[in-house]
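The sequence lines fix the lettering, A, B, ..., with proteins before strands; numbering per chain opens at 1. All values below were derived from every heavy atom in this structure, side-chain atoms included, with hydrogens, water molecules and symmetry-related copies excluded.
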Amino acid sequence: MEPSVHFIHHLRKGAAALLPLLPLTALVCLAGGVPAYGAAAPLRFGEMYGTVTSRGIALSEKLKSLENQPVVMEGFMAPPLKPTLDFFVLTRVPMSICPFCSSDADWPYDIVVVYLKSPVTALPFDRPIRVEGRLELGTKTDEATGFVSLVRIYATKLGEAR
Amino acid sequence: MNFSRGVKFFSVTAAGLLAGAVIGASAASASEIVVLPIDRAKFLAGAKFDMEVELRGAKSGEIKILIDGKDAAEVFGVSPVLKNESSLSGVRFSDVTLTKPGEIKVEVEAVSDGTPLKKSVVYTVAAPQKQQAKNVILFIGDGMGLPSRQIARILSKGISSGKYNGLLEMEQLNEGTALISTSGYDSLVTDSANAASAYATGHKTVVNAMGVYENSDKDPLKHPKVQNLAELARAAGMSVGLVSTANITDATPAAFVAHTRRRAEQNFIAGEMLKADVILGGGSRQFLPQSTPGSQRKDDRNLIEEFESKGYVFAGDRAELAAAKGDKILGLFNLDNMNVYIDREMLKDPAVLGDFTNQPNLMEMTKKAIDVLSANESGFFLMVEGACIDKQIHAMDWERAAYDTIEMDRAVGIARQFAEKNGSTLIVVTADHSHGTSITGTYHEKDGKTGRHAVRTYASAGYPTFSDADKDGFPDSPAPDVTLAVQYANHPDYYEGFKFHPRPVSPAIMSGDAAVGNASRDPDGTFYPGNIPLGESQEVHAADDVPLSAGGPGADYFKGVMENTEVFFGIVRALGLDPAKK
């Protein structure tokens, strides 16, 4: 997060205060032309990687086989950098720290960046959510924030997990 | 020298006066002189530092600096760099030294937008001493306050008839014993960067900073520096080792090599690790190019290859560490912080360890570091950190913290064996700060009571039933039928069940800008509302003094109540470090 530390600190208060935890009764549909519900392949955090060593991570065959395919994942939404951003970070467990908020905290390696058609403000951070969309792999730097991601989902559906 | 905002500074005059002139309107504003290093700073004679004087809130100014009545430029033998920004004027002397032992008075006279200002500070310069020790091994139990040591003693040694059945290895170092204060110059309560910086440089600094004083610069790498132990030891021909169970770029090891206002600059810090010969810990993600999955770098540098090209042998797991030969080793055993002893060596839960099933322990890392570093005839400085004592107390997991305290204590035992065999080695064991933990008594549910009703106080407490059948110093189970009741003076909203957690679990999680209790931690536990600000999701550091134990030549320096900066001076005194000596 180093390049955007000052940026992040400015955003800390606003980011969270503006996020009402509205009860969700159904999946939020974010865009038209999405694959039919049920077509997406389920993907779990534990299935993303092959071998993980201190020399780096190898993506699993399953993950690679799903590149550019619709997938559905469950995880936790980390408090976003700011409510108007078009992405958030999906984590395996709820975050006890907010790397966007604290310059000394960092992300675990097994995260998925979820890109959105439009910012979402209606999801909780402490209950599991479900994300459906197209899987993209490979290192990518977000132009607006400098945030580097490896695994991304371009979300078409988003909601609380059951 | 012309500056874009139309301010012109002239070079230092013979009288030591830096004259400034404003072109354009100037408004009177409250301004102050800031002198860095700060008042009451203490220096090792000949150790390098940057001196900076800022005129904050001044659009223009004149600054005159006198050291014991003499022009600073003359005393330092260099010309200063001038700076002028929107509401800041200043001068900096880089890489200067003070060589005359004793007290030194620095007087600054300035004119800020037409208003005269004055400030004086006093420095102390310590003379280099005759060498007593060839090597120094400094153990830092991160967050290991007095209760942490005592919990480890109860679990590892046991107590019967009201008397302990033995002392920890660190407690058997009794030639020097002191209480160490931990505050930085900005705040009563420190973080690990600020605290380790005091040990590494002999200077106090501010929260999140290491090896620098804080100026007004937005760039964390442009703050005035003070020389650290790795630089001083290397300059004296010694070898340097850093061992930690955290990311090796985390605050404590980082402070011994790096200079930054922000400890979060971990990618920069990774490169600074070249100042050490043996580097063992976690955090390879800061060494991998951004194109490698798992990397946290923002560039394409492959630091593992860079280190290898400079003669380092890389080890990625326990077997590679055991096989590594050479005088320089980079061992990184996890992408992130290493797992803790209970998870690594005892439970070995695949859901916790993932693929990192072959991480060395702190004893093995310490032994390897000593084996490699002791080949240098000129001696070595080694810092070993029990890093996750702190991280686990933050997570309110006193059992995991206790086993990591015992692990570091076993590593102290390895250092003691080396010192007994080779002599001439000072061993210092301390913490960098404390935590709000305390032993209330014991806890058991044998009579059907649960929760707070099963916390046994005073005479009801009796003794816990930890056992150590294999005599390895680690209790066979972290969850005996009678365990300790360890309670926390500060905490976020959380659920307490008073029992061991088979998997690490956060006490609270962030929901927006507020930490909420994590109900999955203790589903049958009792909810306790937090007593610290809502933004804190973990137990936080305490300002309590911490104990220090030392043994070997030079250990007598440590006695009474001491500032944390004195740990540095005790180490350089034992080693007889004299930066002026070539």
Side-chain angles (χ1 to χ4, degrees), chain A residues 1-3 5-6 8 12-21 46 48-59 63 76-80 83 91-110 124-127 137-141 146-148 150-151, chain B residues 191 193 208 218 220 247 250-251 262-268 282-298 304 314-317 331-336 351 354-356 358-359 394-395 492 505-516 518-520 535 537-538:
Chain A
M1 294 327 95
E2 286 79 359
V5 163
H6 303 295
I8 287 162
R12 180 175 184 173
K13 271 210 169 124
L18 292 172
L19 286 167
L21 300 182
M48 297 207 302
Y49 304 123
T51 55
V52 180
T53 73
S54 54
R55 288 178 176 83
I57 294 170
L59 304 183
L63 191 74
F76 292 84
M77 181 180 184
T91 59
R92 187 170 51 85
V93 293
M95 294 293 287
S96 62
I97 48 174
C98 170
F100 277 138
C101 313
S102 165
S103 61
D104 300 322
D106 219 333
W107 296 99
Y109 59 81
D110 53 347
F125 306 125
D126 55 349
R127 295 195 297 279
L137 304 177
T139 301
K140 181 185 165 179
T141 305
F147 193 80
V148 180
L150 175 67
V151 180
Chain B
D191 81 313
N208 292 334
K218 295 273 187 290
N247 293 326
D250 200 9
R262 296 278 165 208
R263 57 187 276 179
E265 298 292 326
Q266 293 197 45
N267 290 327
F268 160 76
S284 66
R285 63 191 188 181
Q286 254 74 42
F287 292 74
L288 300 168
Q290 62 176 351
S291 57
T292 299
S295 168
Q296 292 273 0
R297 290 198 71 82
K298 305 285 166 61
I304 292 177
F314 178 75
D317 61 23
L332 301 171
F333 309 109
N334 201 312
L335 283 164
D336 198 346
D355 285 348
F356 292 101
N358 199 15
Q359 302 169 70
H394 273 305
V505 55
S506 301
I509 55 178
M510 291 307 291
S511 182
D513 57 359
V516 298
N518 183 1
S520 69
S537 60
Q538 302 184 314

Straight-line distance of [X] [atom1] to [Y] [atom2], nearest 0.5 Å:
X: Asp355(B); Y: Tyr49(A); atom1: CG; atom2: OH; result: 11.5 Å
X: Gln296(B); Y: Tyr109(A); atom1: CD; atom2: OH; result: 12.0 Å
X: Arg55(A); Y: Thr292(B); atom1: CZ; atom2: OG1; result: 12.0 Å
X: Met95(A); Y: Ser511(B); atom1: CE; atom2: OG; result: 13.5 Å
X: Thr141(A); Y: Gln290(B); atom1: OG1; atom2: CD; result: 5.0 Å

- prompt: Where does Thr139(A) contact chain B at under 4.5 Å (heavy atoms): side chain, backbone, both or neither?
  reply: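 Thr139(A) touches chain B through side-chain heavy atoms alone.
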
Just wondering, do [Y] and [X] contact through their side chains at under 4.5 Å, heavy atoms?
X: Val148(A); Y: Lys298(B); result: yes
X: Leu335(B); Y: Ile57(A); result: yes
X: Ile509(B); Y: Phe125(A); result: no

field: chain A interface, residue from Gly294(B), Ser284(B), Gly282(B), Pro293(B) that has the most non-hydrogen pairs under 4.5 Å
entry: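 Between Gly294(B), Ser284(B), Gly282(B), Pro293(B), the count favours Pro293(B).
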
- request: Determine the minimum heavy-atom distance between Phe356(B) and Val52(A), stating which atoms define it.
  value: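 Taking Phe356(B) first and Val52(A) second, the nearest heavy atoms are CE1-CG1, 3.5 Å.
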
message: Which atoms of Ala508(B) are under 4.5 Å from chain A, going by heavy atoms: the side chain, the backbone, both sets, or neither?
response: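 Only the backbone of Ala508(B) comes within 4.5 Å of chain A.
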
query: Between Ser54(A) and Gly316(B), is there a donor-acceptor pair closer than 3.5 Å when you use the side chain of the first and the backbone of the second?
result: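 Yes: the side chain of Ser54(A) pairs with the backbone of Gly316(B).
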
